[in-house]
Amino acid sequence: MPPVFDFEAAVRAAAGPGLGERLVFLHTAQDPRIADYAALSDAALRRQADPANGRYIAEGAKVIGRALAAGHRPRSFFMAPKRLAGLAEVLEAHPGVPVFVGPDEVLEAVTGFHLHRGALAAMHRPAPLELAEVLRTASRVAVLEDMVDHANLGLIFRSAAALGIDAVLLTPRSADPLYRRAVRVSMGAVFQVPWVRLESWPGDLPALSAAGFQVAAMELTDRAERIDAVAALDVPRLALVLGTEGAGVSDTVLEAVDRHVMIPMRPGMDSLNVAAAAAVVFWELRLRTP
Ligand SMILES: C[S@@+](CC[C@H](N)C(=O)[O-])C[C@H]1O[C@@H](n2cnc3c(N)ncnc32)[C@H](O)[C@@H]1O
């Protein structure tokens with residue numbers, strides 16, 4: 001009889017002595033040790049459960065690397081054996097953290113989707129930042145009013161990181177920047193740009209003014225000034241309010257802010273997508289004096 005091929009032993013041997021011994025092989029999707037990864041495709045469930053349980057999921061080697069570089073701590077790793085080599089350095093740098101591996105069909109049955117990027121990490125959520133502390137050193141901040149679309153959120157963070165926005169403030173009803181899709185679309189920028197979830201909106205507006213910020217609502221209103229005219233003022237501390245996808249900036253906020261700013265468009269167009277508008281405004285209203 002030919003010898004039976006021992007898959008687990010082969011994977012452990014290929015991973016090397018230290019990492020090989022740490023691997024936890026999954027044989028069934030009903031393993032309670034992997035609850036962090038269960039039902040990842042159920043957006044409604046995760047939106048509640050992830051913040052409540054103090055966790056989030058990073059997906060793919062690059063994003064996992066960025067989360068760790070930002071100082072976030074992993075709870076566990078979860079991947080197909082063929083991805084071990086690509087993450088060996090990361091795994092070895094976190095010796096006490098479980099590494100779950102299993103065949104594609106078991107991983108898929110746990111998460112509810114095919115792991116295109118092959119590797120996931122369940123991470124501890126970082127401690128929330130204090131508004132006053134974040135505002136103290138910032139000169140450009142973006143306020144996202146009731147931003148519900150995770151792709152828009154991720155894109156705005158990516159532009160914020162690239163174009164010099166010092167912090168992002170999220171109104172209480174905005175989506176979670178650490179939700180899997182937002183993390184992925186941002187390419188990890190949600191770990192890089194400091195962000196604060198506001199406790200009361202528009203109740204937190206006076207805190208922005210008290211910290212020396214002019215507050216500008218981005219909206220196409222009758223009193224809106226052109227973005228290039230406002231850019232020429234080089235306002236030292238500026239908070240830019242971007243409106244929710246459907247209705248735009250709320251009337252209460254439009255009444256309360258210092259100015260309205262618009263990106264002029266060709267006739268016939270109602271508005272830009274909010275993430276596209278954010279990229280334009282972040283660049284144009286960057287602080288020009290050092
Ligand atoms: C899709 S728009 C909201 C809908 C928009 N109020 C309308 O009636 O078509 C979402 C947000 O993107 C920003 N935005 C989009 N186009 C803009 C423009 N041309 N100038 C300034 N802000 C814009 C605003 O902050 C707006 O609230």
Side-chain angles (χ1 to χ4, degrees), residues 131 134-135 138-177 179 181-182 185-186 189-190 193 195-198 200-209 213-235 237-288:
L131 178 61
V134 164
L135 293 182
S139 40
R140 290 287 178 270
V141 301
V143 184
L144 310 187
E145 191 182 52
D146 301 355
M147 198 75 39
V148 292
D149 183 287
H150 289 104
N152 280 340
L153 206 58
L155 288 169
I156 292 173
F157 268 87
R158 191 170 174 182
S159 296
L163 301 174
I165 293 296
D166 302 311
V168 172
L169 313 181
L170 298 136
T171 61
R173 285 205 294 259
S174 285
D176 177 14
Y179 181 71
R181 183 161 157 74
V185 172
S186 83
V190 291
V193 181
W195 58 270
V196 177
R197 184 171 292 283
L198 298 170
S200 144
W201 184 254
D204 283 316
L205 266 174
L208 294 176
S209 307
F213 281 83
Q214 261 199 36
V215 184
M218 295 302 305
E219 201 58 75
L220 290 145
T221 63
D222 292 344
R223 65 173 259 214
E225 303 162 84
R226 285 175 60 110
I227 187 173
D228 37 1
V230 178
L233 303 174
D234 209 16
V235 176
R237 306 191 100 184
L238 189 59
L240 299 156
V241 183
L242 288 147
T244 186
E245 287 90 348
V249 179
S250 61
D251 290 343
T252 329
V253 171
L254 288 176
E255 270 170 39
V257 293
D258 301 304
R259 49 176 84 236
H260 297 177
V261 180
M262 57 115 167
I263 303 160
M265 298 183 303
R266 283 189 168 174
M269 291 305 293
D270 292 335
S271 64
L272 292 163
N273 157 274
V274 66
V280 172
V281 78
F282 293 168
W283 167 250
E284 190 64 27
L285 295 187
R286 69 195 180 280
L287 191 63
R288 285 142 210 264

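Numbering of ligands and ligand atoms starts at 1, following listing order.
- For ligand 1, the atoms lying closer than 4.0 Å to a non-hydrogen atom of G248 are 3 (C), 6 (N), 27 (O).
- Taking the ring centre of W195 as origin, the terminal cationic atom of R197 falls outside the region bounded by 6.0 Å and 45° from the ring axis.
- Ligand 1 places these atoms under 4.0 Å from at least one heavy atom of V261: 21 (C).
- When non-hydrogen atoms are compared, ligand 1 lies under 4.0 Å from neither the backbone nor the side chain of I227.
- N273 places a side-chain N or O within 3.5 Å of a backbone atom of A276 that can act as its donor or acceptor partner.
- When D270, L240, L242, T244 are ranked by how near their heavy atoms come to atom 10 (C) of ligand 1, first place goes to T244.
- Remark: atom 6 (N) of ligand 1 lies closer than 4.0 Å to at least one protein heavy atom.
- The contact set between ligand 1 and A277, taken as ligand atoms under 4.0 Å from a residue heavy atom, comprises 13 (C), 14 (N), 15 (C), 23 (C).
- Among all protein heavy atoms, the one lying closest to atom 4 (C) of ligand 1 is G246 O, 3.3 Å.
- Atom 24 (C) of ligand 1 has as its closest protein heavy atom M218 O, 3.0 Å.
- The heavy-atom pair separating I263 from M218 by the smallest distance is CG1-CE, 4.2 Å.
- Of the N or O atoms in G243, one or more lie within a sub-3.5 Å distance of an N or O in ligand 1.
- Closest to atom 9 (O) of ligand 1, if we only count protein heavy atoms, is S271 OG, 3.1 Å.
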Discussion item. Test side chain to side chain contact (heavy atoms under 4.5 Å, CB included) on L144 and T244; report intermediate values, then the result.
Written reply: CA-CA 7 Å; L144 310 187; T244 186; over 6 Å; no
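- Once rounded to the nearest 0.5 Å, the distance linking CD of E219 with NE2 of H260 reads 8.5 Å.
- Residues E145 and S174 bring no donor and acceptor atom of their side chains to less than 3.5 Å of each other.
- Annotation for ligand 1: atoms under 4.0 Å from non-hydrogen atoms of V274 are 10 (C), 11 (C), 12 (O).
- In this structure, the side chains of D149 and V274 stay at 4.5 Å or more apart for every pair of heavy atoms.
- One option in M265, M262, E219, R226 has a heavy atom closer to atom 27 (O) of ligand 1 than any other, and that option is E219.
- Protein heavy atom in closest approach to atom 3 (C) of ligand 1: E245 O, 3.5 Å.
- Distance check: L163 CG to E284 CD gives 11.5 Å after rounding to the nearest 0.5 Å.
- Inclusion of I263 in the set of residues having an N or O under 3.5 Å from an N or O of ligand 1 is warranted.
- For atom 16 (N) of ligand 1, the closest non-hydrogen atom of the protein is L272 N, 2.9 Å.
- Under the 4.0 angstrom criterion for non-hydrogen atoms, A276 is not in contact with ligand 1.
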Item to complete: Tell me, with the steps shown, if I156 and M147 meet side chain to side chain contact (heavy atoms under 4.5 Å, CB included).
Response: CA-CA 10 Å; I156 292 173; M147 198 75 39; 4.0 Å; yes
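- The backbone N or O of A216 sits nowhere less than 3.5 Å from a side-chain atom of D258 that would complete a donor-acceptor pair.
- The backbone N or O of R237 lies less than 3.5 Å from no partner atom in the side chain of S139, so there is not a single donor-acceptor pair.
- In this structure, V281 has no heavy atom closer than 4.0 Å to ligand 1.
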